[in-house]
Enquirer: 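Okay, handing you the structure first.
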Amino acid sequence: MSPKNKSYEYTYAFIIGFLIAFITIVYKYFNFGILDLNFESFRFLKPALILNETNSFIHFRAFDRLPIYPFTIFLILKFFGATNYFAIVFFQSILNGLILAVLIAAKNLFTNKYFWISILLLAFNINFFWSSSIILPDILNVFFISCAIYFFLKFLIKKKSINLIVIGSFFFGLSFLTKSSGILLPIFLFFFIVIFSIFRKKYKLSKILIFSILPIIVITLLSSPLYFFNYKKSGEIILTYERGDHLLYWVYPCIVKKWGCGARDQNALKKAKHLSETEIKKHLGTGYNYKYPYLFEFKNNKLKYIKSLPYDENYFENKALKLKINKEIFFNLLKEVDKTQILTSYIGSVSKMLFHTSIIGIFEFHNVSYTELKSIIMYKNNDITIPGIIWLLSQILVIFLRLLQLYSCTSIFHKKKEKNFWPIIFLLFILLPFLISTVGIGNPRYRIPIEPVLFLLTIIGIKNLEKKIKKKLK
C-alpha cells in the first residue's frame, strides 16, 4: 500500500534514503574511519583545502579536478571545520535521500504504482548508499543526473515546455563539471532532440534547431569559465588536463587485457609510464619534475594543508603539453593493439560494468576477495560460505533486473507504438555515452551514473510485464 499522496511518498523516500546512507556512514565511522585511503579522496580534498587556505581560484585549479565537487567540499569544510570529514559524508547521505525522492518523482511520470518496490530497488542499491559513505563525486554526480532526467522526462511525458529542457540541461551541465564520464552526453542529447522533433512532425525547422542546440548551449555556458581559464593559462581549449593520464595509465592497461579491467595490466602500465617519462624529458628537459606545488601532512587520519610552494610560470602550459604527449602515446599504442582485442576488451568491460553486483566492493572492503566469493559456484562443500551465498544471490538479482530492463526496451518495437516510446529512447540515449566511456575499464562503480536510467527501465519493465500477464489471464 502506497502513501496517501505524493508529498508523503517523496518524504518517505527522502527519509529512508537518508537513514540507510547515514547508518552506513556511522558503521564505517566506528569500524574503519571516514577517510578511505583505497580511493582518490585526497585528490578532491586537497584543492578544497587549498581554496580554504589561500582563497585563490588559481591555486584551486592547480590540482585540475573538475570544480563542482571540490568546491562543494570547500563550502562544507568552511562551515564545519577543515578536517571534519564526517560533515562531507553526512551531506552525501542527505543527497542520497534527495536522489530517492527525485527518482520516485520520475517514476510517477510513468506510473503511480510500485512505490514500495521502487523504494526497495533504490534504498538498497549498493551503488547509492555505499557511495554516499566515500569522499568521491559519484553521489553528487548521480543527484545532478537524476534531476536532469526528471525534467527531460517531464518534457516528454507531461508538458512540452522549453523551460524544462533548459532546467534539465542545467543539471546535466552541473554533472558535466562534476565528473568527466558523461563527456559525450551533450552530443547524444543534441541528436535525441533532433530525432524526437523530426519524428513528432509538430515543429518547424527553426524550432527544431533551437530545441536541439539548447543542451549544448546551456552546458557550454556553464563550463565556459573553466574552458576560458584553461585557455588563458595554457593556450589550450580544454575542460580538464586529466584526459591524457586517464587514457594512457588507465584505458590502455585495461584494453590490452582480454576482457578488460578488473585490475590493470602492470606490464602495460610500466611501458606507458616509461614512454611518457621519456617523451616529457625530450620536450621539457631531464630536470623537469612534475609535481603539485603544495605541501600537505597526513597525520592521525587527517589531511592538513601546510603551505604553497613557488611554481614555474609555465606550470599550466606544461600540464597541457603533458596531456598532449600522453594522448599521442596512447593512440600510437592503440594502433599496435589487435582490433579483435579492443573489441573483446570493450565487451568484457561493459559486461562487468552492467552485470557484476556492487556487493563485491563491500566484501573487498572487509578483506573478502572476489575469488573467495566466486568459489561457491565450484560446488565444493568446503568453499560454501555466507559471503559467497550472499554474493551469488545478489548476482542472480542483478542479472534478473538486467533482463527486466531489456524487456522494457523491447516495447519500442511493438507495432502499436507505446506511449513510453520516446521516454525509453531518451533513457537509452542517456545510457549510451556512459557505456562508450567505460571502454576497457569495467567494474560496478562505473555503473553509478546510469543507475537512475536502469531503475526507470526496471519500473517500465515491471509495468509492461504486469500488463502482459493480465492480458493472458483474461
Enquirer: Only one of F128, F129, F90 clears ring pair (Phe, Tyr, Trp, His ring centres under 6.0 Å) with F18; which?
Expert: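 Single pass found, and it is F90.
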Enquirer: Mind listing the closest non-hydrogen atom pair of I219 and S169 along with its distance?
Expert: CG1-O, 3.7 Å
Enquirer: Could you tell me if K107 and S118 have a donor-acceptor pair between their side chains, going purely by distance under 3.5 Å?
Expert: no
Enquirer: Answer yes or no: are there more than 12 heavy-atom neighbours, outside H366 itself, under 6.0 Å from its atom NE2?
Expert: yes
Enquirer: CZ of F80: more than 12 outside heavy atoms within 6.0 angstrom?
Expert: no
Enquirer: Under 3.5 Å, is there a donor-acceptor pair linking the side chains of E297 and Y305?
Expert: no
Enquirer: List the atom pairs, with distances to 0.1 Å, where a side-chain N or O of residues 69-78 and a protein N or O form a donor-acceptor pair under 3.5 Å, not counting sequence neighbours.
Expert:
from : atom 1 : to   : atom 2 : distance (Å)
Y69  : OH     : Q92  : OE1    : 2.6
Y69  : OH     : L136 : N      : 3.1
Y69  : OH     : L136 : O      : 3.3
T72  : OG1    : I68  : O      : 2.7

Enquirer: For V89 and I134, work out which heavy atoms get closest and say how close.
Expert: CG1-N, 4.3 Å
Enquirer: Does the plane of the ring in F32 sit parallel, tilted or perpendicular to the ring in Y27? Use 30° and 60° as the thresholds.
Expert: perpendicular
Enquirer: Hey, can you tell me if F426 and F152 have their rings parallel, tilted or perpendicular (30° and 60° cut-offs)?
Expert: parallel
Enquirer: Taking all heavy atoms of L435 and all of M353, pick out the closest pair and write down the distance.
Expert: CD2-CE, 3.3 Å
Enquirer: If you count heavy atoms of other groups shown closer than 6.0 angstrom to NZ of K302, is the number above 12?
Expert: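 Above 12, so yes.
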Enquirer: To check you understand the geometry: which heavy-atom pair defines the closest contact between L373 and P387, and what is its length?
Expert: CD2-O, 3.5 Å
Enquirer: Is the closest side-chain donor-acceptor distance between Y85 and S41 under 3.5 Å?
Expert: no
Enquirer: Write out all pairs satisfying side-chain hydrogen bond (donor to acceptor under 3.5 Å, both in side chains) with one or both partners inside residues 142-158, taking only residues at least two apart or from two chains.
Expert: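 Those involving residues 142-158 do not exist here.
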Enquirer: Considering residues, nucleotides and ligands other than Y29, do more than 12 of their heavy atoms fall under 6.0 Å from its OH?
Expert: no
Enquirer: Evaluate whether atom CG of N300 has more than 12 neighbouring non-hydrogen atoms of other residues, nucleotides or ligands under 6.0 angstrom away.
Expert: no
Enquirer: Quick one: closest heavy-atom pair of L427 and I149, and the distance?
Expert: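 Heavy-atom minimum between the residues: CD2-CG2, 4.1 Å.
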Enquirer: Determine, for R447 against E451, whether the closest basic-nitrogen to carboxylate-oxygen distance falls under 4.0 angstrom.
Expert: yes
Enquirer: With no hydrogens and no angle check, just 3.5 Å: does a side-chain donor-acceptor pair link S358 and N127?
Expert: yes
Enquirer: When you compare the side chains of E9 and N108, does any donor N or O come within less than 3.5 Å of an acceptor on the partner?
Expert: yes
Enquirer: Considering residues, nucleotides and ligands other than F188, do more than 12 of their heavy atoms fall under 6.0 Å from its CZ?
Expert: yes
Enquirer: For S175 and N141, test the side chains for any donor-to-acceptor distance below 3.5 angstrom and give the result as yes or no.
Expert: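 Per modelled atom types, S175 and N141 side chains form a pair under 3.5 Å.
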Enquirer: Can you give me the closest heavy-atom contact between P253 and L248, atom names plus distance?
Expert: CD-O, 3.3 Å
Enquirer: Is the number of heavy atoms from other residues, nucleotides or ligands within 6.0 Å of CZ (F400) greater than 12?
Expert: no
Enquirer: Could you verify whether a donor N or O on one side chain and an acceptor N or O on the other, from S408 and Q405, lie under 3.5 Å apart?
Expert: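 Judged by distance alone, the side chains do not pair up.
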